[in-house]
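The structure appears right after this line, and notes come after that.
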Amino acid sequence: MSDEDITIESRLAEQDYFEPPEEFVEQANAADPAIYDRFDEFPGGFEEYAEMLDWDSEWDTVLDDSNPPFYEWFVGGELNASHNCVDRHLDERGDETALLWEGEDGETRDITYDDLHEKVNETAAALRSVGVEEDDVVTIHLPMVPALPITMLACARIGAPHSVVFAGFSANALAERVGSAESDHVVTIDGYYRRGEFLDHIEKADEAMAETDRDPEVLAWTRHDEPEVDVSDDYTMVADLLDDHRGETVEPVSRDAEDPLFLMYTSGTTGQPKGCQHRTGGYLAYVTGTSKYVEDIKPEDTYWCPADIGWITGHSYIVYGPLSLGTTTVMYEGAPDHPTKSRIWEIAEAYDVDIFHTSPTAVRQFMKWGEEHVEGHDFDFRHMTTVGEPIQPEAWLWYYKHIGDESAVIVDTWWQTETGGHLITNLPALHDMKPGSAGHPAPGIQPAIYDDNGESIPAESGEAGNLVIERPWPGMLQTVYGNDERFISEYWERFSDTDSDDSSDWVYEAGDGAVQAEDGYYRVLGRLDDVMNVAGHRLGTMELESAVAEVDDVAEAAVAAREDAEKGEVPDVYVTVREGVEENEEVRDRIVGAIEQEIGKFARPNEVIFVDDLPKTRSGKIMRRLLENISNGDELGNTTTLRDPSVPEEIRDQVQTD
Ligand code: WT7
């Protein structure tokens, strides 16, 4: 152990809480504890967030909860998200930077609100010219280039919900999402840079188009002026469309508060990802309000969240929240360690970033790389966030010390794709920081912890259970796209009285385990369902298993989460092969290949383990929990319900000798 570790550990042993610095408190957007009382006026408190927006017509009802869990927020109100994120800032901040983009190759772009207005309008005109109409879902498969937020805002301008598919997803995953969203338009790009290489991205669109039985029009942006790879003649070049619509403006369409703004597909407990549908008014109000109070964003700040816009974090806290507040939001195209492990800190210094928002996985990676890559870079964060996974106190303290220079506040924000924005997080000026704990409920949010029988565990008992939310909030998903039953079964059925029309009988199940300590701080422990969290990315074990099942020689597969010091969790795949098939590298490569093909390279398994049999109950259900115990070297636990109790021990012996 190094001296460094000793000081970190001893410090954690003697200090549970860290106070926000006085200078932070003095300037914070949320510095008056009365904010909690205001939001306890339920649901009226949430009007404070809606009032941060420009509305074309005011709402007449804050919340219609007459048909739970299909809640409606700011009913009767009309607004446009692109107007709120762009147009309304032009008078005062037209010359100020909206997007600061840095390409991995060093190219930079400083896009002012005036520039953004021009580009969003031209792109909206371009989309209309190819027949995109209000309520058509546009699927966007773009990496971290300015075209991504521009296309999202152009869709919002004309009232076409977008469905952004993370660029790392494979062609098959893209095709599946195009099909599920019934999309007639797909927006992509020729390629982009990753670790110094120009990746051909259009080939994923080509393959996806061959795969899907729909026939969408493909619109292709280019990373440089001219395409760098072959682009099919069937595709429409966005650059040509923009040439035809130079200088055009498109009136923002007034959307009902309840009209969908976007879909975001996420993994669940079945093989099919769910299209979480987010509304325009409630979502935009919620992410604007939490960007202001939790992220403490001011228009004059430079704010940087190095996540990918292809996940919910990027939607809410790179694009919609920050731009709605008129601030400067930074985007970086490439890998954090290219060309050196100081890249992130060079960018932070060059752009004088004030607020930095990242994941525990990234923090653990920075920590592993060592503080020598941070030292000597002159940046000064006022505020830092973590999101996506629990953060270990050791990693928290390293972040606090080496990145925050012990003078920045840190908020650990718990939320989900479904929740739209932060639900459990401290307001940084109003609470002391407690490493490892997300902390207090956000204003107006009512979490609780239930046991498996649906009984509420007493508050502040320190006892672990299921994290639930007992009251609706404006950022919540509206439904699962095209599948109201799945919306109910995934999130509500377990802890609600589904026959009741009374909203207080409906409880949202998060799928996470949590404890609330005596001091009121919540600590989120991780998923309780068949969903894994790999480097802050959600992966369904069933999705991985169905990908592996596509491989001819595989008889059965089960996926278990192995704890990993860097990525939090990684998938181990346990496989039985068909009679007569040899267990060899070639089969293993095909299994890994199938996962890359069906989901994407980011989902690659940690290990593929050939076994003779999988542990099953008498009714034939695979017991993943036992495999998880084996992967993690834990005690096996109860095996009496197994059809053949010797199976897990055989697997364990095999894993240990491998
Ligand atoms: C799952 C949601 C929300 C944006 C990123 C992930 C885990 C999220 C925390 C946190 C502990 C966390 C949960 C949650 N999670 N934030 N601060 N502490 N766990 O979005 O892909 O929808 O995943 O991420 O398990 O359910 P997502």
Side-chain angles (χ1 to χ4, degrees), residues 164-166 168-169 263-269 273-276 278 283 286-287 290-291 294-295 305-321 357-364 384-393 395-396 399 410-426 433-442 445 447 464 466-469 475-477 480 490-491 508-516 521-541 543 561 567-569 599 602-603:
V164 177
V165 178
F166 169 59
F169 270 117
L263 307 181
M264 168 112 267
Y265 280 86
T266 189
S267 300
T269 49
K274 307 170 278 197
C276 294
H278 282 283
Y283 170 82
Y286 197 75
V287 299
T290 47
S291 292
V294 179
E295 296 296 328
C305 168
D308 196 292
I309 293 175
W311 306 106
I312 192 71
T313 301
H315 277 50
S316 300
Y317 300 115
I318 299 178
V319 180
Y320 285 111
H357 183 157
T358 196
S359 65
T361 287
V363 172
R364 289 190 297 266
M384 309 195 300
T385 325
T386 65
V387 60
E389 313 149 68
I391 183 161
Q392 298 71 12
W396 189 98
Y399 189 42
I410 299 180
V411 286
D412 174 350
T413 59
W414 173 84
W415 57 296
Q416 310 176 296
T417 304
E418 292 84 348
T419 72
H422 311 137
L423 292 196
I424 299 183
T425 171
N426 289 337
M433 304 170 253
K434 184 181 180 189
S437 290
H440 292 268
I445 302 301
N466 300 279
L467 178 58
V468 302
I469 311 292
M476 68 197 304
L477 77 166
V480 171
E490 290 256 358
Y491 304 109
Y508 173 86
E509 178 191 6
D512 280 314
V515 282
Q516 190 188 23
Y521 282 61
Y522 280 88
R523 189 153 65 88
V524 178
L525 304 166
R527 301 291 308 194
L528 295 172
D529 52 9
D530 291 328
V531 171
M532 321 182 34
N533 191 331
V534 180
H537 295 163
R538 202 200 287 199
L539 275 182
T541 47
E543 256 172 288
K567 294 183 173 171
E569 288 180 340
I599 304 171
F602 69 95

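Start at 1 and go down the list; that is how both ligands and their atoms are numbered. Model, not experiment: these values are computed from the prediction.
Short contacts between ligand 1 and Arg538, defined as distances under 4.0 Å to a heavy atom of the residue, involve ligand atoms 2 (C), 21 (O), 22 (O), 23 (O), 27 (P). Using a 4.0 Å cut-off to heavy atoms of Asn533, the atoms of ligand 1 that qualify are 7 (C), 24 (O). Interface of Val524 with ligand 1, defined as ligand atoms under 4.0 Å from a residue heavy atom, comprises 11 (C), 19 (N). Heavy-atom proximity to Trp415, at under 4.0 Å, picks out these atoms of ligand 1: 2 (C), 3 (C), 4 (C), 8 (C), 14 (C), 16 (N). Below 4.0 Å from some heavy atom of Pro390 lie the following atoms of ligand 1, by number and element: 11 (C), 18 (N), 19 (N). Atom numbering of ligand 1 starts at 1 in the shown order; those under 4.0 Å from a heavy atom of Ile312 are 4 (C).
A side-chain donor from one of Trp414 and Asp512 sits under 3.5 Å from a side-chain acceptor of the other. In this structure, a donor-acceptor pair under 3.5 Å is absent between the side chains of Tyr265 and Thr417. Gln392 and Arg364 form a side-chain donor-acceptor contact under 3.5 Å, judged by distance and modelled atom types alone.
Residue-ligand proximity: Ala438 is placed with every non-hydrogen atom at 4.0 Å or more from ligand 1. Close to ligand 1: Gly388, with a non-hydrogen atom less than 4.0 angstrom away.
The aromatic rings of Tyr491 and Tyr508 sit parallel, their planes meeting at an angle under 30°, below the 60° perpendicular limit. Taking the six-membered ring where tryptophan is involved, the planes of Phe169 and Phe602 are perpendicular, since the angle between them exceeds 60° and thus also 30°.
If you take CE on Met476 and CD on Glu418, they are separated by 11.0 Å, rounding to the nearest 0.5 Å.
Among Thr413, Thr290, Thr385, Thr425, the one residue that satisfies the side-chain hydrogen bond (donor to acceptor under 3.5 Å, both in side chains) test with Glu295 is Thr385.
For atom 26 (O) of ligand 1, the closest non-hydrogen atom on the protein side is Asp512 OD2, 2.6 Å. Scanning all protein heavy atoms for the shortest distance to atom 10 (C) of ligand 1 gives Glu389 O, 3.5 Å. What sits closest to atom 22 (O) of ligand 1 on the protein, heavy atoms only, is Thr417 OG1, 2.5 Å.
Where the criterion is an N or O separation shorter than 3.5 Å, residue side chain and backbone included, Thr386 fails it with respect to ligand 1. Ligand 1 has a nitrogen or oxygen under 3.5 angstrom from a nitrogen or oxygen of Arg527. The shortest N or O to N or O distance between Thr313 and ligand 1 is not under 3.5 Å. For ligand 1, none of its N or O atoms has an N or O atom of Thr266 under 3.5 Å away.
Of the heavy atoms in Gln416, both backbone and side-chain atoms come closer than 4.0 Å to ligand 1.
Across Tyr317 and Cys305, no two heavy atoms sit closer than the pair O-CB, 3.8 Å.
Within a 6.0 Å radius of NZ in Lys567, other residues, nucleotides and ligands contribute 12 heavy atoms or fewer. The number of heavy-atom neighbours closer than 6.0 Å to CZ of Arg523, taken from other residues, nucleotides and ligands shown, is 12 or below.
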